[in-house]
2 protein chains.
Amino acid sequence: MDSPLVPFGSPPTERADAARNREVLLCTARAMIAELGADHVTMDGLAERAGLGKGTVFRRFGTRAGIFRALLDAEEQRFQCQVLSGPPPLGPGGDPVDRLIAYGRARTRFLLERHDIARAAFERKGPVPPAVGPNFSRPHIRMLLGQAALGLPDPDTLSLQLASALEGPALLFLVADQPPGGQPPGGQPAGCGENDLGTLLADGWQTLVERIARR
Amino acid sequence: MDSPLVPFGSPPTERADAARNREVLLCTARAMIAELGADHVTMDGLAERAGLGKGTVFRRFGTRAGIFRALLDAEEQRFQCQVLSGPPPLGPGGDPVDRLIAYGRARTRFLLERHDIARAAFERKGPVPPAVGPNFSRPHIRMLLGQAALGLPDPDTLSLQLASALEGPALLFLVADQPPGGQPPGGQPAGCGENDLGTLLADGWQTLVERIARR
DNA sequence: GACGTAAACGGACTTTACCCCGTTTCTCTC
DNA sequence: GAGAGAAACGGGGTAAAGTCCGTTTACGTC
């Protein structure tokens, strides 16, 4: 006896109320982040404001970081699309080194704009943070490094270190430094000052890549 | 009336019992880390085992991460000595590029050996983690980059990114992955497997620096 | 449309970092 | 050695993450 109809959805398919609640929670979380700042969002607060039990929130996302991961994932989807099937130099088709540079520029911007969420997506103890950090960057860099056919002895390790150079500054060594005594809530997304930290990091990345690719 | 005797110690000098308790706490912390693993050390547990009040622990170190920072600081002292006044190639006097390579190798090793403590030294919300991350590496790299007189457009940003490439893998993208179901406590310090991750990272760093310095 | 099952829900409970403030102890001066 | 003042101590209290388990609800079957 084989199952008569299983339209799509690889795992056992999610129940309707579960899916709806996931959406509600995601939306509520987005609203609360915009309103209070990412690190003033608590699980109790989120549950209450969403009109759901705390158990539900944890069932859905596992941990606090899980919510931010989910949020990031959704946005990352679009970013990855541009990288995987958009026009060059970011998308496929161009010179690998140019793609590497374009990728770093785009990624830097992406991370800075979502800096607080990305930081909140880290687990404090768990083994690895899936879907954050170099989990996307590293293999992509690895691939481009391979295509560029520079004579690198160990592209696997190199790609880890380059991913770290790219994402580290935004993810951990940077901070949404509100001016001492400033107001914690709303405001612009951070990392968008007129000093243009984004430009500095993007240019730095380009220098790095050009030097490494130089023959 | 000027103060009659103030032997040394720039700030108002620490009270004797405070200093003693600091030592007790540090020792107890070291013991507990060795015994339980860094992230099974709780503030209550530490206070109790040290025979002190919880309030004392927090007064001394501010936050949980503060304890691990203090522990790391103590060891870092010796490391910094070697870098600042030891023999070349690590210490001063040699070719800046060689020093850069030697520094990265030594630092990689240092971090991998203390990987769990270094991770625990991160604050979960506070602005920056003083005395962890590139707070030492970055300026040192910056200096060597300057001495090497490569024609880099923005050594300040570059040094941040290189510090991130150096410390990131050990600090956040790596995990003391005990084999699934393995015992959490004792054992060797992690990062010392025979696959020699340390060697891979050190070699990767060297490649990176050599490529950047190549003229 | 009633039924059975598995999944989802909810909120009380536990754990842990961190705060507060009355009490104790050190240290300096006379 | 006694007294004053400041620093350190202690532990109960709060907030927030994460767990557990009895109850409810969706969905497929008859």
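Every chain is numbered from 1, with letters handed out A, B, ... down the list of sequences.
- Nearest heavy-atom pair across B/A118 and B/L72 is CA-CD2, 3.8 Å.
- Comparing B/F58 and B/D17 by the nucleotide of DNA chain C that holds the closest heavy atom to each, the one mapping nearer the 5' end is B/F58.
- Under the 30°/60° scheme for interplanar angles, the aromatic rings of B/Y103 and B/H140 are found to be tilted.
- The interatomic distance linking A/L52 (CG) with D/dT25 (P) rounds to 13 Å, in whole Å.
- The distance between atom CD of B/E48 and atom P of C/dT15, rounded to the nearest whole Å, is 14 Å.
- Contact of A/R15 with C/dA7 (side chain to base): a donor-acceptor pair of N or O atoms is detected under 3.5 Å.
- Residues A/D154 and B/T207 form no side-chain contact, since every pair of their non-hydrogen atoms from C-beta on lies 4.5 Å or further apart.
- Considering only side-chain atoms of A/D44, the nucleotide from D/dC9, C/dA6, D/dA16 that sits closest is D/dA16.
- Contact annotation: B/R59 side-chain N/O to C/dC20 OP1/OP2 distance is not under 4.0 Å.
- Taking only side-chain nitrogens and oxygens, B/R60 comes nearer than 4.0 Å to OP1 or OP2 of D/dA8.
- Mapping B/K54 and B/A18 onto DNA chain D by nearest heavy atom places B/A18 closer to the 5' end of the strand.
- Summarising the geometry, the separation between CE on A/M32 and C1' on D/dA16 is reported as 13 Å, rounded to the nearest angstrom.
- Rounded to whole Å, the distance from CD on A/E14 to C1' on D/dG28 is 18 Å.
- Nearer to the 5' terminus of DNA chain C, by closest-nucleotide assignment, is the contact made by B/T42 (compared with the other of B/T42 and B/R20).
- Looking only at side-chain heavy atoms (C-beta outward), B/L208 and A/L208 stay at 4.5 Å or farther from each other.
- At a threshold of 4.0 angstrom between heavy atoms, the contacts of A/R64 are confined to the sugar-phosphate backbone, with no base atom among them.
- Regarding B/F61, its CZ atom lies at a distance of 16 Å from the P atom of C/dC19, rounded to whole Å.
- The side chain of A/N21 contributes no N or O atom lying less than 4.0 Å from OP1 or OP2 of C/dA8.
- Distance from the side chain of A/A16 is smallest for D/dC27 among the nucleotides C/dA17, D/dG18, D/dC27.
- For A/L46 and C/dC9, the CG to P distance is 13 Å, given to the nearest whole Å.
- B/M43 places its CE atom 13 Å from the P atom of C/dT16, with the value rounded to the nearest Å.
- Taking only side-chain nitrogens and oxygens, B/T56 never comes nearer than 4.0 Å to OP1 or OP2 of D/dA8.
- Cation-pi geometry between A/R114 and A/F110 is met: the NZ or CZ atom falls under 6.0 Å from the ring centre, inside 45° of the normal.
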